[in-house]
Amino acid sequence: MNLANTAFVLIASILVLFMTPGLAFFYGGLVSEKNVVNTMLSVFIMTGVAILLWVFVGYSLAFSGDVLGIVGNLKHVFMAGVNLASLTASHIPVGAYSLFQMMFAIITPALFVGAVVGRIRFKFLLLFLVVWSICIYYPMVHLVWSAGGWLAKLGVLDFAGGTVVHINAGVTALVLSAWLGPRLAKDHPGDHYNLPWVLLGTAILWVGWYGFNAGSALAVNGIAVQAALTSTVATATSMVVWMFLDVWTKGKPTLVGVCTGTLCGLVAITPAAGYVTVMGAVAIGVLATLASYGFITVLKPKIGVDDALDAFGCHGVSGIVGSVLTGVFATKAVNPTIAENGLAYGGGWHLLGIQILATAFTIALVAVVGSVLILVLRRVTPMRVDAAEEALGLDRGEHGERADYTVALSEKLTDFQPDQERYAPEFKGQLQRLQHPHPSSNHFSGN
């Protein structure tokens with residue numbers, strides 16, 4: 001066992017786990033007050049369910065054996081027969097690698113929650129998580145990151161989850177939104193529960209992303225350092241670009257916009273983090289942000305799919321751009337282990353073609369299988385809450401809880417009422433005399 005590498009991967013795993021409550025704060029701050037609890041719970045429950053699923057069948061389907069290059073087998077159900085102390089190529093225990101991959105299985109489904117907040121039944125969401133993980137997520141892990149996977153053998157580059165995580169979650173979000181239908185009454189664009197939570201969640205995600213990207217090197221080496229550096233630069237680039245776009249189109253910068261841009265940068269650099277230079281990271285940050293901003297502000301209103309918190313606009317679009325541009329900016333000068341350079345470094349069109357093929361395959365697989373899963377599950381349990389519960393809010397309808405129990409009291413105390421209505425009837429006469437004193441009285445005459 002390499003102690004430094006093992007400690008690094010364990011710390012990276014903790015950072016990736018930290019991203020899920022960070023995402024809960026990010027999404028919880030963006031929604032309206034009546035859906036905060038439901039949104040945060042829908043994200044955080046992924047932690048428990050996804051961990052159990054990973055142990056029961058996930059690891060085996062992702063990394064045990066190979067069936068047609070698409071998925072593993074069920075030889076190690078419940079992790080039975082897995083030698084957790086055996087070492088991987090970077091001399092870390094298989095148990096540590098499995099833990100690291102488990103954290104990706106948690107955060108990925110949590111990402112698509114943002115598309116369906118305020119109208120999806122909690123029971124349906126949990127059932128969908130189970131079948132989606134088995135039928136889509138674990139096969140995607142095998143396809144891209146297992147040695148026997150078809151896309152892995154094809155030569156696709158996905159350093160930390162452009163296809164497996166972000167395109168997968170983003171397209172799932174779009175499919176769920178389309179089948180679920182639009183919200184009955186959309187919240188006002190400025191009706192966010194807590195903007196400081198949005199910033200807090202963004203900061204937690206950024207910090208956790210170092211485990212996500214740098215940790216994917218699986219060793220303390222130059223590739224991990226490069227991944228951390230490119231992740232930082234791409235994120236900063238996207239943040240600033242989004243701010244300038246807001247100023248250009250809306251006349252003023254916004255906190256929600258800056259946080260959204262930050263997230264787009266983190267997403268876009270994920271597949272390329274350990275393969276590109278700093279300037280490549282800047283280019284990816286700029287192009288992904290332009291694409292996501294254009295989709296959210298121009299295309300989304302035209303296609304009519306109500307992705308409430310722009311899960312596809314951020315994760316899907318930026319993930320697609322990042323995955324494709326990996327075929328342009330990847331270079332052996334940064335990572336000698338890759339087979340060929342990208343288009344910008346004299347490698348020709350081959351790698352770019354592979355990246356486009358893998359990206360298109362991921363989109364098609366997730367869209368088709370996701371739609372089939374939704375159609376089947378809708379025969380088992382209702383997908384959407386009824387109109388009355390949607391109007392009431394899912395916090396009270398689904399969970400019987402509220403994010404802030406003082407809201408109603410605060411509203412009563414701050415609502416303006418005339419004095420005659422605010423005070424008890426026995427004081428009305430005295431209040432009237434104070435407001436309309438008798439002409440003969442002079443309380444301030446000095447007498």
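What you are looking at is a predicted structure, and each value in this text was computed from that prediction instead of being measured.
Trp150 is not listed as a side-chain neighbour of Ile70, based on a closest heavy-atom distance of 4.5 Å or more. Inter-residue side-chain proximity for Ser133 and Leu129 is flagged as met; some heavy-atom pair is nearer than 4.5 Å. Taking the side chain as every heavy atom from C-beta outward, Tyr137 and Val164 approach each other to under 4.5 Å. Looking at Phe295 and Ile303, their side chains come closer than 4.5 Å, going by heavy atoms from C-beta outward. Side-chain contact between Val305 and Leu174 is present, with heavy atoms from C-beta onward closer than 4.5 Å. Using a 4.5 Å cut-off on side-chain heavy atoms (C-beta onward), Leu87 and Met1 make contact. You'll find the side chain of Leu343 stays beyond 4.5 Å of the side chain of Leu351, heavy atoms only. Counting heavy atoms from C-beta outward, Asn35 and Val117 have side chains that stay 4.5 Å or more apart.
Every pair passing side-chain hydrogen bond (donor to acceptor under 3.5 Å, both in side chains) that includes a residue from residues 106-132 is listed here, sequence neighbours excluded: Trp132-Thr172. Pairs engaging residues 229-285 under the ring-ring contact (aromatic ring centres under 6.0 Å, His included) rule: Phe159-Tyr275, Trp242-Tyr293 [sequence neighbours left out]. The ring-ring contact (aromatic ring centres under 6.0 Å, His included) contacts involving residues 213-236 comprise nothing, where partners must be two or more places apart or lie in separate chains. Listed by first and then second residue, the side-chain hydrogen bond (donor to acceptor under 3.5 Å, both in side chains) pairs that reach into residues 322-335 are Ser323-Thr359, Asn335-Thr337, sequence neighbours excluded. Under the side-chain hydrogen bond (donor to acceptor under 3.5 Å, both in side chains) criterion, the residue pairs touching residues 276-289 are Ser238-Thr289, Thr277-Tyr345, with sequence neighbours excluded.
The side-chain contact (heavy atoms from CB on, under 4.5 Å) test applied to Leu84 returns Met79, Val82, not counting sequence neighbours. Take Met40 and apply the side-chain contact (heavy atoms from CB on, under 4.5 Å) test, not counting sequence neighbours, and it matches Ala24, Phe25, Val36, Trp197. Applying the side-chain contact (heavy atoms from CB on, under 4.5 Å) rule to Val71 yields the partners Leu61, Val67, Pro139; only residues at least two apart in sequence or on another chain are considered. With sequence neighbours excluded, no residue forms a salt bridge (Lys or Arg N to Asp or Glu O under 4.0 Å) with Glu340. Judged as a side-chain contact (heavy atoms from CB on, under 4.5 Å), and not counting sequence neighbours, the contacts of Leu255 are Leu195, Leu199, Cys259. Checked against salt bridge (Lys or Arg N to Asp or Glu O under 4.0 Å), Lys250 has the following partners two or more places apart in sequence or in another chain: Asp246.
Atom CG of Leu111 is separated from atom CG of Leu309 by 12.0 Å, given to the nearest 0.5 angstrom. Asn213 CG to Leu15 CG: the interatomic distance, rounded to the nearest 0.5 Å, is 11.5 Å. A distance of 3.5 Å separates CG of Asn73 from OG of Ser64, quoted to the nearest 0.5 Å. The distance from atom CD1 of Ile363 to atom CD1 of Ile320, rounded to the nearest 0.5 Å, is 3.5 Å. Atom CG in Leu176 sits 9.0 Å away from atom OG in Ser371 (nearest 0.5 Å). Here CG of Leu357 is found 7.0 Å from CG of Leu151. Values are rounded to the nearest 0.5 Å.
Counting all heavy atoms, side chain and backbone alike, Ala152 lies closest to Val156 at N-CG1, 4.1 Å. Of all non-hydrogen atoms in His91 and Thr6, the two that sit nearest each other are O-OG1, 3.9 Å. Here the shortest heavy-atom pairing between Trp179 and Arg378 reads O-NH1, 3.4 Å. Considering every non-hydrogen atom in both Asn194 and Pro196, the closest pair reads OD1-CD, 2.8 Å. Contact between Ala272 and Ile284 at its shortest, heavy atoms only, is CB-CD1, 3.8 Å. Here the shortest heavy-atom pairing between His142 and Asp66 reads NE2-OD1, 2.6 Å.
A donor-acceptor pair under 3.5 Å is formed between the side chain of Asp395 and the backbone N or O of Val37. With hydrogens and angles ignored, the 3.5 Å screen pairs no side-chain donor or acceptor of Glu398 with any backbone N or O of Asn38. Looking only at distances, a side-chain donor or acceptor of Gln226 sits under 3.5 Å from a matching main-chain atom of Val276. No donor-acceptor pair closer than 3.5 Å links the side chain of Lys300 to the backbone N or O of Phe312. Put simply, the side chain of Gln355 gets close to the backbone of Leu157: a donor and an acceptor are under 3.5 Å apart.
Checking Thr270, Asp158, Thr362, Asn168 one by one against Thr163, the side-chain hydrogen bond (donor to acceptor under 3.5 Å, both in side chains) holds for a single residue, Asp158. For the side-chain contact (heavy atoms from CB on, under 4.5 Å) with Phe122, the lone residue among Leu394, Leu127, Leu41 that qualifies is Leu41.
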Next item on the list: Any chance you could lay out the side chain to side chain contact (heavy atoms under 4.5 Å, CB included) test for Arg402 and Arg396, step after step, and finish with the verdict?
Entry: CA-CA 6 Å; Arg402 298 184 66 179; Arg396 296 173 67 183; 3.9 Å; yes

Next item on the list: Could you please spell out the steps behind the side chain to side chain contact (heavy atoms under 4.5 Å, CB included) verdict for Met140 and Val165?
Entry: CA-CA 9 Å; Met140 279 301 309; Val165 176; over 6 Å; no

Next item on the list: Give the C-alpha distance, both sets of side-chain angles, the deciding distance and a yes or no for side chain to side chain contact (heavy atoms under 4.5 Å, CB included) between Phe26 and Leu30.
Entry: CA-CA 7 Å; Phe26 180 79; Leu30 285 173; 3.7 Å; yes

Next item on the list: Decide side chain to side chain contact (heavy atoms under 4.5 Å, CB included) for Leu53 and Tyr138; before the verdict, give the C-alpha distance in whole Å, the side-chain angles of both, and the deciding distance to 0.1 Å.
Entry: CA-CA 10 Å; Leu53 276 173; Tyr138 304 146; 3.3 Å; yes

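Using cut-offs of 30° and 60° for the angle between ring planes, the His76 and Tyr59 rings count as tilted.
Counting non-hydrogen atoms of neighbouring residues, nucleotides and ligands closer than 6.0 angstrom, the CZ atom of Phe18 reaches no more than 12 such neighbours.
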Atom pairs and distances, donor-acceptor, side-chain atoms in residues 93-107, under 3.5 Å, two or more places apart:
unit_1, atom_1, unit_2, atom_2, d
Tyr97, OH, Gln101, NE2, 3.2
Ser98, OG, Trp54, NE1, 3.2

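Looking only at atom types and distance, the side chain of Ser90 has no donor-acceptor partner in the side chain of Asn5 under 3.5 Å away.
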